[in-house]
Amino acid sequence: MSKVITPQEQDYSKWYNDIVVEADMADHSAVKGCMVIKPHGYAIWEKMQQTLDKMFKDTGHVNAYFPLFIPKKLFEAEEKNAEGFAKECAVVTHYRLKTDPQNPGKLIVDPEAKLEEELIVRPTSEAIIWNTYKGWIQSYRDLPLLINQWANVVRWEMRTRLFLRTAEFLWQEGHTAHETKEEAVEESRKMLEVYADFAENWLAMPVIKGVKTANERFAGADDTYTIEALMQDGKALQAGTSHFLGQNFAKAFDVKFANKEGKLDYVWATSWGVSTRLMGALIMTHSDNHGLVIPPKLAPTQVVIVPIYKTAEGLTKINEFAFSLKAKLEAKNISVKYDNRDSQRPGFKFADHELKGTPVRVAIGERDLESGTVEVARRDLLSKEVINMNDVEAYIEKLLRDIQANLFNKAKERMNTMTHKVESYNEFKKVLDEKTGFILAHWDGTPETEEKIKNETKATIRCIPLNNPLENGVCIYSGKPSTQRVLFARAY
RNA sequence: CGGGGUGUAGCGUAGCCCGGUAUCGCGCCUGCUUUGGGAGCAGGAGGUCGUCAGUUCGAAUCUGGCCACCCCGACCA
């Protein structure tokens with residue numbers, strides 16, 4: 001058992017923080033609510049970025065970059081969007097500091113350097129992007145416009161948690177423009193599928209795809225599609241959203257195009273994003289009391305080789321084998337680190353790589369060289385096996401696939417066990433108190449009922465699952481008729 | 001914004017009630033011995049005790065103000 005990590009069962013929230021900090025992913029910074037993403041954490045984020053970026057490009061999107069600052073006038077153009085984000089905006093009001101005459105060596109804001117118009121630090125980029133699109137779109141020939149940007153955004157949250165909710169975070173935001181409603185809806189659903197694919201096949205995290213209720217919708221959207229994941233402690237996490245924006249932004253920013261009949265019409269829009277919050281999702285889906293567990297497909301280092309030696313001569317022999325194994329694995333596109341630090345002993349390295357989540361560890365000592373074997377350990381199950389040197393590359397290649405699959409299956413099974421169907425409000429509350437997790441229950445479809453349930457139980461409707469089976473029933477709260485169950489949970 | 005808590009070496013802490021120049025562990029540096037699950041021994045470096053003011057011969061310790069951060073709520077696409 002680790003010396004440093006608070007066990008999950010003792011305090012899940014503390015455990016989470018310990019993992020983030022002790023596994024060297026991120027740290028609190030000098031700025032409240034902001035974090036420093038450390039190299040190990042950033043390397044995982046880069047793997048996510050690379051994977052997603054390719055998926056976006058494979059679906060026809062290109063990258064661009066828009067400014068960090070949004071003039072207030074533009075920001076307020078789409079009313080619902082502006083209102084939704086108004087309470088959490090950082091605002092730039094001045095552009096210069098000067099030496100404090102009362103207090104030499106200190107700086108004050110120069111009152112003479114007040115901006116004519118305040119600049120909003122983007123909490124999301126629809127406004128600046130749609131203002132730009134206005135100049136880019138005149139004809140149906142300019143459509144569809146399929147653009148993504150990798151950026152940072154700022155949302156001045158009252159309470160923050162590393163990766164899950166920070167005042168500044170990294171994300172990607174796709175912003176597309178289309179000729180028809182159908183095409184835009186299709187785009188937003190397509191990107192939801194991309195997110196679900198990424199979540200399940202790379203993060204090894206099962207998700208429920210669905211659509212948000214009006215209450216939970218993105219400010220300025222006609223529909224918000226979401227992927228919802230279930231964390232180990234039974235709380236839900238919104239892992240990605242894709243919005244059908246209708247013509248709301250086109251109207252707010254006056255983006256019209258001439259269609260094939262020569263008539264002017266407003267374009268149809270989508271936006272979609274995932275953020276560094278996925279790092280939190282990754283932690284709370286797979287990690288344990290020994291530290292981080294990273295699915296092989298996202299691990300910056302998939303295999304670590306640890307030499308065990310007594311003498312310089314011994315090390316030389318091990319080096320020969322280790323470098324050759326490293327090269328062979330790399331030829332199979334497996335990322336390998338040979339941890340030949342002379343400053344640490346093997347036991348320390350074992351613990352260190354366990355903490356950091358390296359999926360596979362190969363230990364090789366002089367005894368192995370004699371017997372022609374190596375010791376291969378897997379992080380997910382914390383088990384190890386002695387493998388013949390001749391078989392080791394093939395073994396590891398398969399092992400990485402097994403780990404990826406095992407992590408997904410384990411998470412899927414947990415989600416299934418923690419999903420409960422309930423028929424009454426009492427049962428609903430009982431599940432929340434005792435078991436937590438996802439709850440499938442009938443709801444009368446009104447925002448009022450949704451709001452009351454939220455106020456009384458802190459549970460929200462995570463989504464109305466896509467392809468939801470229709471089923472007659474009665475709302476657990478109001479007793480009114482309902483045609484389908486919706487997905488409830490307490491959420492991060 | 002409400003409630004609670006914490007600020008002492010890079011990290012974690014003792015000391016505070018009862019005022020006399022700061023304890024211990026981890027980490028760090030040097031050397032030797034070690035190396036198959038977080039090494040051992042010896043030596044060493046490192047501190048304006050969050051900050052400002054007050055009381056006092058003397059403040060980490062007492063008094064008051066301020067600041068910062070953390071946790072729990074409220075808030076949150």
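Here is how names work: the chains are called A, B, and so on, in the same order as the sequence lines, proteins then strands, and each is numbered from 1.
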Using atom P of each nucleotide, how far apart are G25(B) and G20(B) to the nearest Å?
23 Å
Quantified in whole Å, what is the C1' atom distance between nucleotide G40(B) and nucleotide U34(B)?
8 Å
Apply side chain to side chain contact (heavy atoms under 4.5 Å, CB included) to Trp156(A) and Val121(A), showing your working.
CA-CA 10 Å; Trp156(A) 214 266; Val121(A) 180; over 6 Å; no
What interatomic distance, in whole Å, is found between C1' of G15(B) and the corresponding atom of U61(B)?
8 Å
Between C69(B) and His28(A), is there an OP1 or OP2 to side-chain N/O distance shorter than 4.0 Å?
no
Identify, between Ile308(A) and Phe85(A), the residue whose nearest nucleotide on RNA chain B lies closer to the 5' end.
Ile308(A)
Rounded to whole angstrom, note down the C1' distance from U56(B) over to C69(B).
32 Å
Take the angle between the ring planes of Trp171(A) and Phe169(A) and call it parallel below 30°, perpendicular above 60°, tilted in between.
perpendicular
Anything under 30° is parallel, anything over 60° is perpendicular, the rest tilted; go ahead and classify Tyr133(A) against Trp130(A).
perpendicular
Distance between C1' atoms of C26(B) and C71(B) (Å, rounded)
25 Å
On the side chain of Glu354(A), is there an atom forming a donor-acceptor pair with the base of G37(B) - under 3.5 Å, no angle test?
yes
Any base atoms under 4.0 Å from Lys384(A), or only sugar-phosphate, or nothing? Heavy atoms, all strands.
base
Do the ring planes of Trp268(A) and Phe244(A) sit parallel (below 30°), tilted (30 to 60°) or perpendicular (above 60°)?
parallel
Taking any heavy-atom pair under 4.0 Å as a contact, classify Asp223(A): base, sugar-phosphate, or nothing.
nothing
How about CD on Glu320(A), more than 12 heavy atoms from neighbouring residues, nucleotides or ligands closer than 6.0 Å, or not?
no
So does Asp222(A) get a backbone contact from the side chain of Arg217(A), meaning a donor-acceptor N/O pair under 3.5 Å?
yes
In a check of side-chain hydrogen bond (donor to acceptor under 3.5 Å, both in side chains) between Asn148(A) and each of Gln172(A), His61(A), Glu173(A), His175(A), which one passes?
Gln172(A)
Under 4.0 Å: is that the gap between some side-chain N or O of Arg345(A) and OP1 or OP2 of A39(B)?
yes
Could you please name the option among A74(B), C75(B), G37(B) that lies closest to any side-chain atom of Phe350(A)?
G37(B)
Taking any heavy-atom pair under 4.0 Å as a contact, classify Ser13(A): base, sugar-phosphate, or nothing.
sugar-phosphate
Aromatic rings Tyr195(A) and Phe56(A): how do their planes relate, parallel, tilted or perpendicular, breaks at 30° and 60°?
perpendicular
Looking at every strand, decide which applies to Gly365(A) at a 4.0 Å heavy-atom threshold: base, sugar-phosphate, or nothing.
base
When the nearest nucleotide of RNA chain B is assigned to Thr124(A) and to Glu375(A) on a heavy-atom basis, which residue is associated with the more 5' position?
Glu375(A)
Whole angstroms only, please: what is the CG-P distance between Asp352(A) and G27(B)?
13 Å
Provide the distance between the two P atoms, one in C66(B) and one in C24(B), to the nearest whole Å.
37 Å
With rounding to whole Å, what would you report as the distance between G5(B) and G50(B) at their C1' atoms?
15 Å
Can you tell me if Asn17(A) touches the phosphate of C71(B), counting only side-chain N or O atoms and a distance under 4.0 Å to OP1 or OP2?
yes
Just compare G36(B), A74(B), C76(B) and give me whichever is closest to any side-chain atom of Met158(A).
A74(B)
Evaluate the side-chain proximity of Leu146(A) to Glu187(A): yes if any heavy-atom separation is below 4.5 Å, no if none is.
yes
Whole angstroms only, please: what is the CZ-P distance between Arg161(A) and C76(B)?
18 Å
Contact class for Gln238(A) vs. all strands (heavy atom < 4.0 Å): base, sugar-phosphate, or nothing?
sugar-phosphate
Where does RNA chain B pair, written as one dot-bracket string 5' to 3', with Watson-Crick or G-U pairs under 3.5 Å, ( ) inside the strand, [ ] for crossing pairs and | for another strand?
(((((((..(((.......[...))).((((((.....)))))).....(((((..]....))))))))))))....
Figure out the CD/P separation between Glu216(A) and C75(B), and round it to whole Å.
12 Å
Would you measure the distance from the C1' atom in C70(B) across to the matching atom in U23(B) and give it in whole Å?
25 Å
Between atom CZ in Arg462(A) and atom P in C76(B), what is the gap in whole Å?
13 Å
Winner on side-chain proximity to Lys87(A), out of C76(B), G38(B), A74(B), is C76(B)
If the cut-off is 4.0 Å, is Arg361(A) near the phosphate of G37(B), judged by side-chain N/O to OP1 or OP2?
no
